[in-house]
Amino acid sequence: LCLRAEQAIATAVEEHGAHLVLLPELWCGPYFCQSQQACLQSLADPIHTSDDNDGNDSTSQNILLQRMQLLAKHYSVVLPISLYERCHNVLYNSVVMVDSNGAILGTYRKTHIPDGPGYQEKFYFSPGDTVGMGVFDTQHLGRIGVAICWDQWFPETARILALQGCELLLYPTAIGSEPQDVTIQSSAHWQRVMQGHAAANMIPVVASNRFGTEILMDHGAPNEVQRIHFYGKSFITDNTGAIVAEAPDNTTEEPVMVISSTLNLEQQRQERLAWGLFRDRRPDLYHPLLTKDGNSQK
């Protein structure tokens with residue numbers, strides 16, 4: 001999988017001229033959250049950054065991140081790296097933002113953690129504690145916002161990132177079929193909710209999803225318990241929510257699929273300001289958003 005990721009990065013840069021490459025959620029191995037197995041919690045690793053000579057947190061002692069830092073610097077490309085993070089006794093689903101010079105800009109920890117058949121993430125991850133969600137100032141691409149998979153269903157996440165000044169919103173993702181009901185087809189719904197975030201905030205969205213079939217076997221027996229068909233369908237929108245690039249579903253036999261688009265962030269910033277969406281907000285009336293049930297009188 002690491003070799004496939006490196007191939008994808010090389011292809012994106014050399015054939016598409018990419019300045020940023022987004023890989024799927026937890027791409028460095030199978031999606032292990034289909035069941036609850038304590039032994040799999042050992043897959044989490046610390047990030048451990050150390051200061052460079054300028055006093056910036058830029059170098060990781062994590063072997064995977066060290067490799068990604070080298071690739072980012074070699075190709076002059078921004079790499080948001082999704083991984084399983086261990087910090088002391090707590091485990092997180094995280095993205096480490098690696099800038100095009102190889103420096104680590106910071107870490108975002110997934111805020112919303114799902115729990116359901118085939119996606120039992122609450123067993124493996126604590127809810128993230130990243131203040132202000134995940135916004136990072138890159139050297140050459142401006143201010144980039146990142147959220148992770150289940151976060152994408154919450155408009156609050158996208159709006160907070162927009163309020164923090166993000167100019168491009170990234171969603172590394174792992175979503176596919178529902179093992180308890182194979183008739184559920186969520187791919188179009190999944191796309192539309194993020195298209196809505198792009199349109200409501202006038203910020204382009206990039207979503208990178210896993211693809212292919214992953215089978216959960218019965219521990220100690222050669223019996224299939226369940227499977228998830230990760231449907232791919234990665235896509236890029238413009239700042240109105242229109243899809244400008246899209247990958248096929250998981251029926252493709254290509255081991256690596258790269259899509260790309262050129263975005264004019266400065267032009268889109270001007271359009272966003274002219275539209276007045278953020279000028280006309282009324283945060284003084286939004287107190288129910290700070291409650292669970294919408295009752296602001298409590």
Side-chain angles (χ1 to χ4, degrees), residues 18-22 78 80 95 97 99-100 105-112 127-173 188-208 234-246 259-298:
H19 297 285
L20 182 150
V21 178
L22 181 64
V78 177
V95 166
M97 188 67 72
D99 208 350
S100 57
L105 300 178
T107 301
Y108 168 70
R109 291 165 171 167
K110 187 173 181 177
T111 301
H112 305 92
D129 56 359
T130 308
V131 177
M133 303 296 176
V135 181
F136 305 93
D137 288 308
T138 63
Q139 278 193 325
H140 305 296
L141 294 184
R143 199 159 167 81
I144 306 299
V146 63
I148 303 171
C149 199
W150 191 230
D151 290 334
Q152 66 210 359
W153 296 90
F154 295 85
E156 297 88 347
T157 302
R159 178 48 56 94
I160 288 172
L161 291 170
L163 290 172
Q164 296 280 355
C166 98
E167 300 171 281
L168 177 64
L169 180 50
L170 311 177
Y171 289 108
T173 300
H189 184 190
W190 169 76
Q191 288 185 331
R192 284 195 298 268
V193 73
M194 284 177 282
Q195 289 179 262
H197 300 332
N201 295 287
M202 295 195 72
I203 294 173
V205 162
V206 180
S208 179
S234 300
F235 66 97
I236 303 169
T237 78
D238 65 12
N239 61 330
T240 70
I243 293 179
V244 296
E246 181 181 7
I259 61 172
S260 64
S261 182
T262 300
L263 302 171
N264 188 329
L265 299 183
E266 175 58 26
Q267 177 183 337
Q268 293 174 351
R269 182 187 68 82
Q270 295 176 12
E271 293 172 356
R272 187 164 56 250
L273 289 173
W275 206 254
L277 292 175
F278 293 91
R279 177 197 64 206
D280 296 336
R281 291 182 67 253
R282 291 293 308 277
D284 55 311
L285 300 179
Y286 301 158
H287 301 296
L289 289 176
L290 301 178
T291 71
K292 277 281 192 177
D293 61 6
N295 187 349
S296 61
Q297 304 302 317
K298 292 181 180 179

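Keep in mind it's a predicted model, so treat the numbers as computed, not measured. Computed from heavy atoms alone, side chains included, the values below leave out hydrogens, waters and symmetry copies.
Looking at residues two or more places apart in sequence or on another chain, you find no side-chain contact (heavy atoms from CB on, under 4.5 Å) involving T262. Considering only residues two or more places apart in sequence or on other chains, F154 meets the ring pair (Phe, Tyr, Trp, His ring centres under 6.0 Å) condition with H112, W150. Annotation: ring pair (Phe, Tyr, Trp, His ring centres under 6.0 Å) contacts of H19 (sequence neighbours excluded): none. In terms of the salt bridge (Lys or Arg N to Asp or Glu O under 4.0 Å) criterion, R192 has no residue partners (sequence neighbours excluded). Evaluation of the salt bridge (Lys or Arg N to Asp or Glu O under 4.0 Å) rule for R282 yields D284 as partners, not counting sequence neighbours. Residues meeting the salt bridge (Lys or Arg N to Asp or Glu O under 4.0 Å) test with R109, sequence neighbours left out: E85, D129. For S260, the side chain to side chain donor-acceptor pair (under 3.5 Å) partners two or more places apart in sequence, or in a different chain, are H16. E246 meets the salt bridge (Lys or Arg N to Asp or Glu O under 4.0 Å) test with K233; sequence neighbours excluded. For T173, the side-chain contact (heavy atoms from CB on, under 4.5 Å) partners two or more places apart in sequence, or in a different chain, are C149, Q152, Y171, I175, W190, N209. Not counting sequence neighbours, the partners of A18 by the side-chain contact (heavy atoms from CB on, under 4.5 Å) test are A12, V21.
Sorted by first and then second residue, the side-chain hydrogen bond (donor to acceptor under 3.5 Å, both in side chains) pairs involving residues 137-149 (not counting sequence neighbours) are D137-R143. Within the structure, no pair that satisfies the salt bridge (Lys or Arg N to Asp or Glu O under 4.0 Å) test touches residues 151-170, not counting sequence neighbours.
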- Message: Could you walk me through whether K110 and V95 satisfy the side chain to side chain contact (heavy atoms under 4.5 Å, CB included) test, starting with their C-alpha distance in whole Å, then the side-chain angles of each, then the deciding distance to 0.1 Å, before giving a yes or no?
- Response: CA-CA 8 Å; K110 187 173 181 177; V95 166; over 6 Å; no
- Query: Should L170 and I144 be marked as a side chain to side chain contact (heavy atoms under 4.5 Å, CB included) after you check the CA-CA gap, both sets of side-chain angles, and the distance that decides it?
  - Reply: CA-CA 8 Å; L170 311 177; I144 306 299; 3.5 Å; yes
- Query: Could you walk me through whether M202 and L277 pass the side chain to side chain contact (heavy atoms under 4.5 Å, CB included) check?
  - Reply: CA-CA 9 Å; M202 295 195 72; L277 292 175; 3.6 Å; yes
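A donor-acceptor pair under 3.5 Å is formed between the side chain of S208 and the backbone N or O of L22.
Here the two rings, on W153 and H189, have centers that are under 6.0 Å apart.
Residues L263 and T237 approach most closely at CD2-O, 4.1 Å, considering heavy atoms.
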